[in-house]
Amino acid sequence: EKLDDSLQVAVSWMFLPETIYDEEDCAKAPLDEDLPLAAMDTLYMYSGSGIIPQGYADPLDFMNRLQEKVKNRGKKYLTLQILEEAVTQGEAILAEV
């Protein structure tokens, strides 16, 4: 429940089991400037009212499913048909476009 119109902030930080720390990759990180959170984590859309959504699919999982669909169809590359099927499943916003 929103108490008033003042600024409210909620933060949580989680790591996926697939996350692997790599000293060499992290050595390239620009530590003297802030990085957008999207560079490190999946961001969730939130309108500012109601329940805060969490649990959207990780983009890596989506890509892995696409690669599997391409392979199962015997294709060498992603086709427009396979992409359209993937992004219009279930209650996807693009299913209504």
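Side chains are part of it too, since the values below use all heavy atoms of this structure and drop only hydrogens, waters and symmetry mates.
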Taken to the nearest 0.5 Å, the spacing of R65 CZ from N72 CG works out to 13.5 Å
One should read off an interatomic distance between K75 NZ and I82 CD1, to the nearest 0.5 angstrom, of 6.5 Å
Heavy atoms of A95 and G90 approach each other most closely as CB-O, 4.3 Å
CG (L94) and CD (E96) are apart, to the nearest 0.5 Å, by 9.5 Å
* Asked: Can you list the steps and then say if V70 with Q67 is a side-chain contact (heavy atoms from CB on, under 4.5 Å)?
  -> CA-CA 5 Å; V70 169; Q67 288 175 338; 5.7 Å; no
In terms of heavy-atom contacts, L66 and A86 come closest through CD2-CB, 3.5 Å
- Are L78 and M63 connected, step by step, through hydrophobic side chains (Ile, Leu, Val, Met, Phe, Trp, Tyr) whose heavy atoms are closer than 4.5 Å? yes
Short side-chain donor-acceptor distance under 3.5 Å, E85 and Q81
yes
